[in-house]
Amino acid sequence: MTELFTVLVGLLLLNIVVGLARVLRGPSAIDRMLASEMFSTSAVAILLLMAFILDKHELLDVALVLALLAALTVVTFVIRVWSELEAPKSDNDPGDTLK
Amino acid sequence: MIYLALAGVLFVIGLHGLFLAGHPLRKILSLNVLSAAVFLLLVALAREADPLDAVPHAIVLTGIVVSVSATAVALVLLVRLSPPKRDSKEVTRKEGR
Amino acid sequence: MSLNHWLGAVLVISGLPFFFLGTLGLLRFPDVYTRLHALAKSDNVALGFVCLGLAVYSGSLITGLKLLLIWLLMLVASAAGASLIGRTALARGIKPWGV
Amino acid sequence: MGGVVLVFDVLLAAALIWLAWQATHTPGLFRAVISFIIFGLLMALAWVRLEAPDIALAEAAIGAGATGALLLSALGRLAVTDEAGTPWQERADLTFWIPAGLALLGLLTLAAWYLPSPGLGQEVQASLPDSGVQNPVTAVLLNFRAFDTLLEIGVLLLATIAIWSLGPMPMPGAQAIISPVLPALGRILFPMFALVSIYLLWRGSHAPGGAFSAGAVIGAGGILSILAGARPWLTGSAYGPWRVLLSLGLSAMLAVALGVIVLGQPFFAYPTHLAGTIVLLLELAAGLSIAMSLVALYLAGQPPTHWDGESLRQ
């Protein structure tokens, strides 16, 4: 069964790598932020599966810490970066000056 | 083995960025990449030992905390040194200058 | 290979498509709101399946509770993040696609 | 099986290199910062692959959590969020950099080759029973090489002093959005942060965890509750509790280091029968100090003497 889980972990990592395209393309800051949120979910899943593959249950604690801190980055971003920027001027503006 | 090579490549990227980056924030990021490369090298080497060598792990743990405090000091210095925000005196007042 | 192993593996595998769908949404959807919608739901369903599957697989109550906690934390983080992002995006005047 | 693991390693390495490149060499400061945050996240996976769960815990808490928050709030305070032109200076000489980089790589490889390969694993294993804990990393940190940890706590304290000496903390701007989600998030999550960090501290003596991860987790919790607009719990005159808690770790470690001399032991050599208790107490003190320092580093300046919620919002 661990072989199966190893394949799944590989697929999840591939998922992250494909998702990196969103970080590359943007277009605005919030899209990149969303991608990073997606990666933290995938990383938690990878850690959980790895805990069972290696039969090391302390990795569950790593996943727990990661899940606990998942909110921190997004909240900091929205409050400290995004809200401080000027609002877009016109309707054609993509809505974000921050790349 | 892959991780040793990874550490080497990251080291070169970080060093290049540290020397040649334009913006100070980028230099701080490069410094962090550089320290990550060094940590990676230490831990990848520790893995070769049997039983697992705990000393590099402890050193890296110490190093992560030191590097985050260095980063924080550098960031505060950067924010204090950079010109205040364009939009109005309001921000200046808020920043307490 | 006992029954709970099989059941757990099936549950974990059934979570994977949701991860891929989330990434597909992230990459293909046209604007912030739709991407937010894709991520906030499908990734959490996927993680829920993985957690449930691993809990069944391990067959131990403590591990199961810890997995449940991890899932709940990710749910809280993702719900709060989605609400903050959506609200701020609307307040900043980013137009929803197709409206 | 082996093939899949190899593919995993190569994918992870490629993603890490790409992200490091993004963080240091592509235009757009925000893009660089977000790439670095994702870099930290994937580094946690790399630590797991390298069988270092202690470091993975610290990286998950510090690298992916606290550093990200620090970088993002610094970015929010910067006036210029984008650089003009290429992000690196154009005088880059490829004729110098390519050979220099290759030479450096070669030297690193050589150095790695000549390092004594068995390491100190045997010695640590042999003296583990005397250390009072079962987790070798905790034993090294707080017993065998406690001196390093002493200096490290000193560095944290120094960083805090340096930041405080730069002036009062900048007040956050008025919140653009009033959301009911934020206070609720702070209320729900902070007890969870406290619970998890106590759990990690307790686990530290026999499994990965310990003062560093516990302190980092509760520090991140403090940052989150400050972001959520929670009135900081450290009210009181002349920021008394700040100073006490910040210096607790250093003073406790110094007290232990000098105290054992009185007992007739060398510097930092604990008596074997007391080692377990001493390590636990030191962990508690160091964890509290690390947590407080992280929050202080995040505040980016000296907190006001009298802290009342109203003036903070204005």
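Proteins come first, then strands; the chains are lettered A, B, ... in the order of their sequence lines, and each starts at number 1.
Between chain B and the residues Leu71(D), Leu102(D), Val155(D), the most heavy-atom pairs under 4.5 angstrom are made by Leu71(D). Looking only at heavy-atom pairs under 4.5 Å with chain D, the residue among Val9(B), Val76(B), Ile59(B), Ile13(B) that has the most is Ile13(B). Contact count against chain D (heavy-atom pairs under 4.5 Å) is highest for Leu10(B) among Val60(B), Leu10(B), Leu4(B). Chosen from Leu41(B), Leu29(B), Val33(B), the residue pairing most often with chain D at heavy-atom distances under 4.5 Å is Leu29(B). Most heavy-atom pairs under 4.5 Å with chain D, from the set Leu40(B), Leu15(B), Leu77(B): that is Leu40(B). The candidate with the highest count of non-hydrogen atom pairs below 4.5 Å against chain D, out of Ile2(B), Val73(B), Leu61(B), is Leu61(B). Ranked by heavy-atom pairs under 4.5 Å with chain D, the first of Thr62(B), Val66(B), Leu78(B) is Thr62(B).
Leu18(B) approaches Lys27(B) most closely through the heavy-atom pair O-NZ, 3.3 Å. In this structure, Arg26(B) and Gln22(D) approach most closely via the heavy-atom pair NH1-O, 4.1 Å.
With no hydrogens or angles considered, a side-chain donor-acceptor pair links Asn32(B) and Thr71(B) at under 3.5 Å.
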After noting the C-alpha distance and the side-chain angles of Ile55(D) and Phe39(B), does the key distance pass the side-chain contact (heavy atoms from CB on, under 4.5 Å) rule? CA-CA 10 Å; Ile55(D) 307 177; Phe39(B) 298 155; over 6 Å; no

Chi angles and distances behind the side-chain contact (heavy atoms from CB on, under 4.5 Å) call for Phe39(D), Leu16(D): CA-CA 6 Å; Phe39(D) 179 82; Leu16(D) 280 171; 3.6 Å; yes

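Residue Ile62(D) touches chain B through its side chain alone, counting heavy-atom pairs closer than 4.5 Å.
Residues satisfying the side chain to side chain contact (heavy atoms under 4.5 Å, CB included) criterion with Val12(B), sequence neighbours excluded, are Leu105(D).
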